[in-house]
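Quick notes on the structure that follows.
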Number of protein chains: 4
Amino acid sequence: MNQQQTSGGEDDRVRQRRRQITTAAVQLFSERGYFQTTVQEIADAAGVSAGLIYQYFDDKEDLLLLAILDVLDSYTNEIPQAVEGIADPLDRCRAAFRAYCHVVDSRQAATILAYRSTKSLPRQHRDLIKNAERQTNRIIGGYIDACIEAGLFRNVDSEIATYQLVMYAHAWALKHWQLAPRLDLDGYINQGLDFFLHAMLTEAGWRHLQRDETV
Amino acid sequence: MNQQQTSGGEDDRVRQRRRQITTAAVQLFSERGYFQTTVQEIADAAGVSAGLIYQYFDDKEDLLLLAILDVLDSYTNEIPQAVEGIADPLDRCRAAFRAYCHVVDSRQAATILAYRSTKSLPRQHRDLIKNAERQTNRIIGGYIDACIEAGLFRNVDSEIATYQLVMYAHAWALKHWQLAPRLDLDGYINQGLDFFLHAMLTEAGWRHLQRDETV
Amino acid sequence: MNQQQTSGGEDDRVRQRRRQITTAAVQLFSERGYFQTTVQEIADAAGVSAGLIYQYFDDKEDLLLLAILDVLDSYTNEIPQAVEGIADPLDRCRAAFRAYCHVVDSRQAATILAYRSTKSLPRQHRDLIKNAERQTNRIIGGYIDACIEAGLFRNVDSEIATYQLVMYAHAWALKHWQLAPRLDLDGYINQGLDFFLHAMLTEAGWRHLQRDETV
Amino acid sequence: MNQQQTSGGEDDRVRQRRRQITTAAVQLFSERGYFQTTVQEIADAAGVSAGLIYQYFDDKEDLLLLAILDVLDSYTNEIPQAVEGIADPLDRCRAAFRAYCHVVDSRQAATILAYRSTKSLPRQHRDLIKNAERQTNRIIGGYIDACIEAGLFRNVDSEIATYQLVMYAHAWALKHWQLAPRLDLDGYINQGLDFFLHAMLTEAGWRHLQRDETV
DNA sequence: TATGAATGAGAGTTCATTCAT
DNA sequence: GATGAATGAACTCTCATTCAT
């Protein structure tokens, strides 16, 4: 990644420029795909010259990397926010799942971007993306673990379970053309919750859930 | 799509050539991606000249379309084969799931191809791919429906359930880098079966399952 | 040019094939131009395979040469035919001019072909075309000379005069888009005759002409 | 046609580049023909890279169009210049004819270009060329009309007469291989004048001409 | 004699990247 | 810092020509 020697106050201008360009890149890469988007188009969308991009990014690939990481970051940020203040582990799990699905829904094209374009990057950059993904997954995994420890979930492999949840959320973007005609987002989320709870809840978990709903 | 006028015996040569080229295309598109693969490379891999490809395919895009359809066809063909002769609906469902996961495992790169590259095609071609996908899904859906009708599965939305199964199988390819270090294919399949059965089986279903295993 | 060793009766088949292909070539080269016409298209139009063309012609250029010569031959043949039996030199001249204009009218595209494509040929082939052209011109030139010798035309340079007549006729094809909206062929011919007669007739010529019209 | 956004002073650089490339294109297209000339060759001749051409022209066809129009413009510009200050309509007519022949002589290959290559363009572009041609013709036509109105020329169709003059001039390029061995340019021009004056002058015209020469 | 599958050189065009201003 | 004109490598696709059948 391009390293700018930033001396003090310059830092903000640099960050601002990077954001401006990254935002345009996410938008265009998501819509049209990495290879069908030209650097010139990104420059136009960002309102800068093509040449300037090369002062903030090494090359087009670097731009892709940053664009994908930007999207993954938004997951890592928005999900914990959504469950903030929810103490009950089961509620927290459900809220996190809902939040994930909502983020995917609002950034469908960007979600697909990682699936389409990650493989276009060199191994080293791919690893950065995988780590960012793992980070989000670990958050979800933590919520599941809490439920298991509380005896609400069966003792499933929480990492595999996390992938189930994550893939279910991603499927809303990946297979939207197939799912959208049949359900709206809330229907999709409820189906998912029904499924996952049946798959994972223990007897104690069911009682906890019912009390929850009684209250 | 390119239409060759094929009169009788010529048909075989044409099919053979198309297969030869498509196989190379699936291989290379899967490995390197659509845009990073040149037509020349496909020609070399297929052992033909670059020009000849244009006698069997309209253009590079056509080649991509046929490559993706080829992969999807292998799903549609191999899964019914794997459950042939299995009468019990629950057994059939489990066998189909296993088969799906095995096909994905054996054609990982090709499975990813559809996710990466479908969007690079024009709408009309995308629709052909979607239909091929629907066709496979309908097969799986039929197996699930049979279990529901037999009272073995809860009355879930079988289409959504199908997507769950399919995405789980696809995840083995899409997130292989993440999953493979933790499990082998059989472990992954068993985790999945455990999960899905818990999510869907009725009381009757559980009894059926246990009798099954006793026998 | 391709030399076929023709043994006796084979000769006809060969000539027939050549004619078949040349006719298609004239047609297509005239309509679309030399470079925009593919050998395959000519083969299709002639109802033979592309490969066969190379048994009767050296290459595509050869085909062009023969096509142009074919058109020029039709001039050399048709004009003398049209004046056959006309003894009066002035009448013969006028009839020849009319005939030339009519041939051009009926083969407009082919007439343009020589203008468009001759330069695409190597010098040696160009010379063959020039000679064919000279041959036709010499015929016209002869008619003019006869009028001069008879004292009906001024003693103009008959070769230049010939070019005037020829270019006037060719202009009907070359500038058809411009001329056709203003005149029909006969109007164009009459304008031309009026022009040329005024330019060339002597006093004696005028009297000859009037006597002609009186009779 | 390619539209460059030109703001003020940039305009000159753009015009200069376009001229540089157009000049090379006229040269090469004229010498070798449109299809035998590669964009790379034009770039080399113009001293720029092949890619740059596509920043000033849409495609090779656009380049052809501009090249032809450039030649036609030189007619429209140079002929009126040559007759500037000549008040007598007959003298003006003769000077214009001389000028036309001289321009054709100095740009022989370019003159042929329009005949060879116009048909390679799409209808819309062909129309632009036709209009440019009409414009030049209208200038000549005006000079002839003036002679008719002054009673110096017979009341001929001035448009057809214009074509006669124009074709005669063009023939110097189109049939140069045939004409040049017999006459030089001045001889050709004089022959033409002799011819046209005989064809068109009235009695009054002849007297005007003689007085002219007496003076 | 006739076919048409196969070749492969070569063309137009795009676009990431650089660098003088 | 910022521009955008300029580069040139690389790619897709076409088509004249050959040759096994």
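- Across the protein-nucleic acid pair, C:F57 atom CZ and E:dT1 atom C1' stand 16 Å apart, rounded to whole Å.
- Checking F:dG4, F:dC13, E:dA6 against every side-chain atom of B:S49, the shortest atom distance belongs to E:dA6.
- We find that CZ of B:R32 is positioned 15 Å from C1' of F:dC11, with the value rounded to whole Å.
- A straight line from CD of C:Q36 to P of E:dG12 spans 13 Å, rounded to a whole angstrom.
- In this structure E:dC15 sits in a base pair with F:dG8, meeting the Watson-Crick or G-U test at under 3.5 Å.
- Comparing atom distances between the C:R17 side chain and each of F:dA2, E:dA2, E:dT18 picks out E:dA2 as nearest.
- Toward the 5' end of DNA chain E, the nearer of the two residues A:T37 and D:T38, judged by each one's closest nucleotide, is D:T38.
- If you measure from atom CD of D:E41 to atom P of E:dA11, you get 7 Å, rounded to the nearest angstrom.
- Regarding C:L28, its CG atom lies at a distance of 12 Å from the P atom of F:dA16, rounded to whole Å.
- Listed nucleotides E:dT17, F:dT7, E:dA5 differ in distance to B:L52; the shortest reach to its side chain belongs to E:dA5.
- In this structure the side chain of D:H125 never reaches within 4.5 angstrom of the side chain of D:I129, judged on heavy atoms.
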Derivation and outcome, side chain to side chain contact (heavy atoms under 4.5 Å, CB included), residues C:L52 and C:R17: CA-CA 10 Å; C:L52 192 65; C:R17 277 277 190 238; 3.6 Å; yes

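- Using a 4.5 Å cut-off on side-chain heavy atoms (C-beta onward), C:F57 and C:R18 make contact.
- Taking atom CD1 of residue A:I53 and atom P of nucleotide F:dG4, one finds them 13 Å apart after rounding to whole Å.
- The interatomic distance linking A:Q16 (CD) with F:dA2 (P) rounds to 11 Å, in whole Å.
- Judged by a 6.0 Å distance limit and a 45° cone about the ring axis, D:K60 is positioned over the six-membered ring of D:Y34.
- When both pairing distances are held under 3.5 Å, F:dA20 makes a Watson-Crick or G-U pair with E:dT3.
- Each of C:V48 and D:F35 was assigned the nucleotide of DNA chain E with the nearest heavy atom; the assignment lying further toward the 5' end belongs to C:V48.
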I would like to know whether A:L63 and A:D59 meet side chain to side chain contact (heavy atoms under 4.5 Å, CB included); could you show each step before the answer? CA-CA 7 Å; A:L63 208 43; A:D59 50 23; over 6 Å; no

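- Using a 4.0 Å cut-off, no side-chain N or O of B:Y54 falls inside it from OP1 or OP2 of F:dT14.
- Taking the side chain of D:Y56 as heavy atoms from C-beta on, and the options F:dA16, E:dA16, F:dA6, the nearest nucleotide is F:dA6.
- Residue side chain C:Q40 does not reach the base of F:dA16 through any donor-acceptor N/O pair under 3.5 Å, judged by distance alone.
- Rounded to whole angstrom, the span from the CD atom of B:Q55 across to the P atom of F:dA16 amounts to 13 Å.
- Positionally, the nearest nucleotide of DNA chain F for A:G47 lies more toward the 5' end than for the other of A:G47 and C:A50.
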